[in-house]
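What you see below is based on every heavy atom in this structure, not just the backbone, and it leaves out hydrogens, waters and symmetry mates. Throughout, numbering of the chain's residues begins at 1 and tracks the sequence. In each ligand, atom 1 is the first atom listed, and ligand 1 is the first ligand listed.
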Amino acid sequence: MHYLDHAATTPVPSEVARAMALALTENFGNPSAQYELGRQAKALVDQGRCAIAKALDCRPEQVVFTSCGTEGDNWAIRAALYQNRRVGKHIVTTAVEHSAVLQCVKRLEQEGYAASYVKPGRDGRIHAGQIAAALREDTALVSVMLVNNETGAVFPVEGIAALLKDRPALLHTDAVQGFMKIPFTAKSLGADYITLSAHKIGGPKGIGALYIGGQAKNTLPLLFGGGQENGLRPGTEATAQIAGFARAVELRLERWEEIFAHLTACRDYAREKLAAIPGLQFIGPAAAPHILSVSLPGYPSQNIVTELGGKGIYISAGSACHRGKASHVLTAMGLEKKTAAGTVRISFGPETVFADIDALAEALLEHKNNRFPML
Ligand code: PLP
């Protein structure tokens with residue numbers, strides 16, 4: 001198997017699986033229980049929170065566990081708008097956010113909010129000046145992702161935070177693809193809300209975290225119930241998921257520089273190998289180290305993904321066609337239909353070896369040589 005889809009999800013290292021198994025079988029108490037087993041489970045949750053806080057260089061109480069990145073995005077957006085309900089009903093975001101943000105904002109438009117969607121250039125980049133131009137008196141929230149999940153473009157969240165310094169608008173960033181892939185801390189980003197997800201960094205699926213800091217105050221709880229997560233997200237804590245998330249973060253943190261260098265080397269090696277395929281185009285700025293987006297114009301990505309999948313090479317259709325519709329990201333970048341339809345995303349992890357990339361390059365070339373292009 002050649003797994004080159006780490007931006008979709010990642011394998012769980014055995015240390016992570018072990019930490020989860022322990023939480024399920026031995027340290028299985030309810031963290032709210034008032035006896036030793038409960039206290040041990042509570043300690044697991046507290047330690048997990050500290051591990052995420054260490055990676056963000058923030059205070060543990062600024063980290064709240066969620067069930068996934070999608071939940072974090074939806075919650076942060078609604079909480080920010082609630083806090084700023086007297087500021088106005090205008091949202092600034094980008095046209096290339098993950099659907100967890102885009103669909104939430106679309107829904108809010110139906111509820112009476114107004115939204116401005118900033119578009120990237122053909123290179124996939126967005127500049128802080130474009131966000132500045134979209135701001136209004138009544139802008140209550142700016143939500144801009146840190147790393148785009150299709151192109152690997154890195155957006156200027158730090159610069160946007162500086163723009164908002166003397167404005168009431170709160171800043172949310174979906175950092176799901178940036179966390180432990182590019183260097184940042186909660187402070188360096190300057191966002192009020194930062195969304196994370198465990199399964200993109202070797203953690204389990206179904207757990208994420210939301211950083212709540214900066215100017216975020218009296219956060220609207222996501223749910224109402226018991227007092228867990230400081231009353232902000234009640235419900236018995238997912239101890240095994242939290243233990244796994246924390247262990248994954250610790251493992252990546254221990255090897256952070258080595259992993260960053262490895263991901264960058266994989267991306268650069270892939271660029272070099274794939275550049276030899278006639279007609280292949282690179283899409284986006286290749287900014288984040290773990291994502292490379294390429295197109296074979298005229299060769300539909302779905303066919304490429306299926307054929308390579310049959311050979312045990314796993315990549316994703318960058319154009320993530322939903323019923324034949326091209327990706328909103330590639331469309332917003334202004335790519336020609338043929339180019340967008342032929343785009344695939346290749347993404348790397350610590351487990352990737354150059355032989356995976358060699359196999360991919362060979363299979364892509366074979367696909368191109370053996371198929372007729374579609375007009
Ligand atoms: N945001 C981005 C940028 C993502 O890439 C993803 C996952 O694909 C999500 C949010 C959603 O995260 P989760 O799968 O944990 O809900």
>> Can you tell me how far apart CZ (Arg136) and CD1 (Ile91) are? Round to the nearest 0.5 Å.
In response: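 Rounded to the nearest 0.5 Å, the CZ-CD1 separation comes out at 10.0 Å.
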What is the closest protein heavy atom to [atom], and at what distance does it sit?
{"atom": "atom 5 (O) of ligand 1", "value": "Gln177 NE2, 2.9 Å"}
{"atom": "atom 8 (O) of ligand 1", "value": "Lys200 NZ, 2.7 Å"}
{"atom": "atom 10 (C) of ligand 1", "value": "Asp174 OD2, 3.3 Å"}
{"atom": "atom 14 (O) of ligand 1", "value": "His199 NE2, 2.9 Å"}
{"atom": "atom 4 (C) of ligand 1", "value": "His98 CD2, 3.2 Å"}

> Donor-acceptor pair, Asn148 side chain versus Val96 backbone, under 3.5 Å?
Replying inline: yes
Examine the proximity of ligand 1 to [X] and report which part, side chain or backbone, both or neither, has a heavy atom under 4.0 Å away.
{"X": "Thr70", "value": "both"}
{"X": "Cys68", "value": "both"}
{"X": "Met145", "value": "side chain"}

>> Distance under 4.0 Å to a non-hydrogen atom of Ser197: what atoms of ligand 1 satisfy this?
In response: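 Contacts of ligand 1 toward Ser197, numbered from 1: 13 (P), 15 (O).
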> If we only count N/O pairs under 3.5 Å, is Gly69 in contact with ligand 1?
Replying inline: yes
>> Could you tell me if Ser347 and His290 have a donor-acceptor pair between their side chains, going purely by distance under 3.5 Å?
In response: no
> Under 3.5 Å, is there a donor-acceptor pair between the Glu150 and Ser327 side chains?
Replying inline: yes
